[in-house]
Amino acid sequence: MEGGELPGLLVNEIGGICGILHSHVAFLRKHFYLITMKELLENRKHLSRKVQAIYLWWHKPVIDRELLQSLPNLKVIANSGVGMDHLDLKLVASFGVKMANAPRAVCSSTADAGMALLLASARRLVEVHHIAISSSMDYCEADILGVKVSGATLGIIGMGRIGYKIALRAKAFEMKILYHNRTQRKAQEEQAVGATYCEKIDSLLQQADFVMVAVSLTPQTRNLIGKRELELMKPTATLVNISRGAVVDQEALVMALQTGVIWAAALDVTYPEPLPRDHPLLKLKNVIITPHLGIKTDKTTYMITEEAVENILAALNGLPMPSEVLPS
Amino acid sequence: MFVSKAFNLLKPIPLMSGQSNLAYKFIHQLVASHGRRCHRSVIYKQRYRTCPCSAGRQTISAQTKVMAKEELPGVLILDIGGTQGVLENLAALLKKHFHLITMKEFLENKEEMSKKIQSVFVFECRPTIDRELLESLPNLKVIGNSGVGVDHLDLKMISSFGVKVTNTPHAVADPTADIGMALMLASARRLVEGCQIAVSPDTKHFAVDWLGVEVTRATLGIIGMGSIGYKVAQRARAFNMRILYHNRNRRRKEEEEAVGAHYCEKMEDLLQQSDFVMLIVNLTPETHRLIGKKELSLMKPTATLINISRGAVIDQDALVEALQSKVIRAAALDVTYPEPLPRDHPLLKLNNVIITPHIGTATVQAIHMMAEEAIANILAVLNGQPIPSEVFPK
């Protein structure tokens, strides 16, 4: 590093539709010399050598071979969030560049969003709010009756950090908790939340009143919930997806919701985001869709940036990174 | 215009226990004639006590004899089905123990029916219990209310007829605590707004600077730490929330520690420190307009007010003012005064308000449990047994 100069951090843009939040800029500038993609493209010769790190904000800038080749001093790419399915991990690693995500910062907020969706769906919150404020007031009790959450059975698919935080919250609602995961959790951890392991996903699907999907997107989990899985669910059950849209076979889901194979769905994620405006999911009465708000709070977004900075600084200083992601 | 004129009439008429409210009757007819579902427009600001009976969670005993229809005690209900009646499956449940008589049947055949009616099953505040009705039911022994709030019943007047009143505190607690949490989370995370964005034809992308506020580790101030308030505290604790509470009486130390709740003797302290303020009191003269201009201005500008108690606990005009001028961030209301609000009410137009149509106990399971609890109470009165949840005027 030239004496006194901060390492260059490439970001897609500042502010605007998908840029770094203005409220984070001061913090980033304490540690880095910020370079936007626009600035880089306008002054490649001078700036490309300065970039030592990239901070991906909502998957941008897009990391491709061309970009990697043009940044000779790039050492680390930090992702805002925990999902890495938008990155070609092997490609990045082949350039000797390290990668990090932000698993700790996202957990609580995403678990909260999962519970918010579960409760809103069960109690028909969005539907009845519109009834409450609409100009026509004729409705029957049957139009507003929801289903109970306290004492119901929750099946968590994917019991990682986020899944476990959901279990902690659901336990306080006296929900019966089942979970399915690649590996079984330790007995102590299971007991702390009163969760029962279902080695076979079928067993979970057949018993749950609410199925919460909290896995990461991998080749193994793509279309994890398809026609077969939906048919195994109770006709009174609700599917809640806070993972990635591609984990659910959306066509099969539409079919299942239209024909009453399952009761309802609540989706914070879809494929793509947003859905095309004529997509059948947008028209179904028994679906609520939210705009990927799992981490969208003032505190959590800031914590994500803090976690990213921690990882970047560790990588630049040759120290162990708190949340390095390696290609499997 | 016709209806709102009638509402203005309500203001200057003091509601005194024992006095039949003529203005209310007038409004009731007007409103009924419009087919509007405005049935929570009269409240009795009264003190009452409940009996902490050892019978506790009494449900319908399996040993209760199933008698022939004519022998079954008569219970009066407003109607079966439709927009104002008891749900069909609840009616079926009632029929197992009672001779069910609808208001229509009663009015068509007063002489014969009036003697048969020993109880009234009040569902969603209907039928209205006024002096005229009580005078026409010589054998009435008990009014079994479905729900825990009794502010729609004139307890002193009913008691003067020697009629008992019962409510259903056990069935309501869990679903109402759930709604409190649902509203808090929905408001904090801007769920309703988010759903609108997700389906709007104008949406091309999801803005990354569209943010809500954090619930985990935030401070929740619970005003009213009864059964429902305590269940809310239990749930909020799992979100690592810091819990403050204000109550007539302080809870025992073990109870406080179990949920990590800190007592605020002064409500002002709770208001100043909370990110979320949840109202879970019952409506009494002391809690009427408990939250007004002063209380709202004590709250943080980033705070959210959630009301799952009764609309009249809040000064609604002050709330509108506070929300419009961003004195507080947002509000989420399952209850208003009246219910429903007039269609031109400013609360319906604010984008930082979520309103739900009093769905605190609106689940398939809760409605059923409340009916069972009400039936158990009614049967206890009629059979001269200990009554699980009787309500007494103070």
Side-chain angles (χ1 to χ4, degrees), chain A residues 15 17-19 21-22 57-58 108-109 111-113 115-117 119-120 122-126 128-129 131-135 137-142 144-151 168-174 270 273-275 277 282-283 288-293 296-301, chain B residues 35-38 81-83 87 124 174-175 177-179 181-183 185-186 188-192 194-195 197-201 203-217 231 234-240 340-341 343 348-349 354-357 359 362-367:
Chain A
I17 297 169
C18 49
L21 297 181
H22 284 290
W57 184 249
W58 284 99
S108 297
S109 181
D112 288 357
M115 292 303 294
L117 261 88
L119 284 159
R123 304 302 293 268
R124 300 171 76 173
L125 220 78
V126 179
V128 303
H129 168 76
I131 288 175
I133 63 169
S134 80
S135 48
M137 288 200 305
D138 294 320
Y139 63 92
C140 331
E141 190 68 24
I144 64 169
L145 276 188
V147 295
K148 74 174 187 184
V149 169
S150 282
L168 283 165
R169 284 149 178 71
K171 177 170 195 273
F173 287 77
E174 291 175 81
T270 57
E273 281 169 21
L275 288 168
R277 300 293 86 191
L282 302 184
K283 299 179 183 52
I288 53 173
I289 303 176
T290 45
H292 203 145
L293 50 69
K296 286 181 178 164
T297 70
D298 45 3
K299 284 203 169 72
T300 293
T301 48
Chain B
R36 298 203 155 206
R37 213 174 175 262
C38 184
T83 56
L87 292 169
E124 291 274 308
D174 279 335
D178 289 355
I179 271 297
M181 294 300 295
L183 284 168
L185 285 159
R189 305 304 294 268
R190 299 170 71 183
L191 205 103
V192 175
C195 288
I197 290 169
V199 303
S200 161
T203 295
K204 295 187 173 60
H205 54 263
F206 293 152
V208 303
D209 56 353
W210 181 91
L211 305 176
V213 297
E214 204 76 65
V215 168
T216 289
R217 287 189 214 287
K231 282 183 182 264
Q234 284 170 324
R235 284 148 179 71
R237 181 161 202 257
F239 290 74
N240 295 114
L341 289 168
R343 298 296 84 189
L348 302 185
K349 298 175 181 53
I354 298 177
I355 299 181
T356 47
I359 54 166
T363 72
V364 172
Q365 298 90 348
I367 295 281

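Just so it is clear, the model here is predicted, and its values are computed rather than measured. Within every chain, numbering begins at 1; the chains are lettered A, B, ... in the order of the sequence lines, protein sequences first and strands thereafter.
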Relative to chain B, which of [options] shows the most heavy atom pairs under 4.5 Å?
{"options": "A:Ser109, A:Ala113, A:Cys18, A:Ala122", "answer": "A:Ser109"}
{"options": "A:Met115, A:His292, A:His22", "answer": "A:Met115"}
{"options": "A:Leu125, A:Leu168, A:Val126", "answer": "A:Leu125"}
{"options": "A:Leu275, A:Ile288, A:Val147", "answer": "A:Val147"}

Testing the basics here: between [X] and [Y], what is the closest heavy-atom pair and its distance to 0.1 Å?
{"X": "A:Arg277", "Y": "B:Val199", "value": "NH1-C, 3.3 Å"}
{"X": "A:Thr290", "Y": "B:Cys195", "value": "CG2-SG, 4.0 Å"}
{"X": "A:Val128", "Y": "B:Thr356", "value": "CG2-CG2, 3.8 Å"}
{"X": "B:Leu348", "Y": "A:Ala132", "value": "CD2-O, 3.9 Å"}

Is it the backbone or the side chain of [X] that comes under 4.5 Å from a heavy atom of chain A, or both, or neither?
{"X": "B:Lys349", "result": "neither"}
{"X": "B:Glu214", "result": "both"}
{"X": "B:Ile179", "result": "both"}
{"X": "B:Pro201", "result": "backbone"}
{"X": "B:Ile359", "result": "both"}

Judged by atom type as modelled, is there a donor-acceptor pair below 3.5 Å linking the side chain of [X] to the main-chain atoms of [Y]?
{"X": "B:Arg190", "Y": "A:Leu293", "value": "no"}
{"X": "B:Arg189", "Y": "A:Leu117", "value": "no"}
{"X": "B:Asp178", "Y": "A:Lys148", "value": "no"}
{"X": "A:His129", "Y": "B:Ile355", "value": "yes"}
{"X": "B:Gln234", "Y": "A:Ala172", "value": "no"}

Open item on the list: Any donor-acceptor pair under 3.5 Å linking the side-chain atoms of B:Arg235 with those of A:Ser150?
Closed with: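 Distance-only check passes for A:Ser150 and B:Arg235.
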Task: Beyond-backbone contact of A:Glu174 with B:Lys231, side-chain heavy atoms, under 4.5 angstrom - done: yes
As an exercise: rank [options] by heavy-atom pairs under 4.5 Å with chain A and give me the winner.
{"options": "B:Asp209, B:Val192, B:Thr203", "answer": "B:Thr203"}
{"options": "B:Asn240, B:Ile197, B:Leu191, B:Ile367", "answer": "B:Leu191"}
{"options": "B:Gly212, B:Gly194, B:Ala207", "answer": "B:Gly212"}

Open item on the list: side chain to side chain contact (heavy atoms under 4.5 Å, CB included) for A:Leu21 and B:Leu211? Distances and angles first, verdict last.
Closed with: CA-CA 11 Å; A:Leu21 297 181; B:Leu211 305 176; 4.0 Å; yes
Open item on the list: Does any backbone or side-chain atom of A:Thr270 lie under 4.5 Å from a heavy atom of chain B? Answer side chain, backbone, both or neither.
Closed with: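 Nothing of A:Thr270, per the 4.5 Å heavy-atom cut-off to chain B.
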- [ ] Select one option (side chain, backbone, both, neither) describing which atoms of A:Ile17 are under 4.5 Å from chain B's heavy atoms.
- [x]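 Both parts, backbone and side chain.
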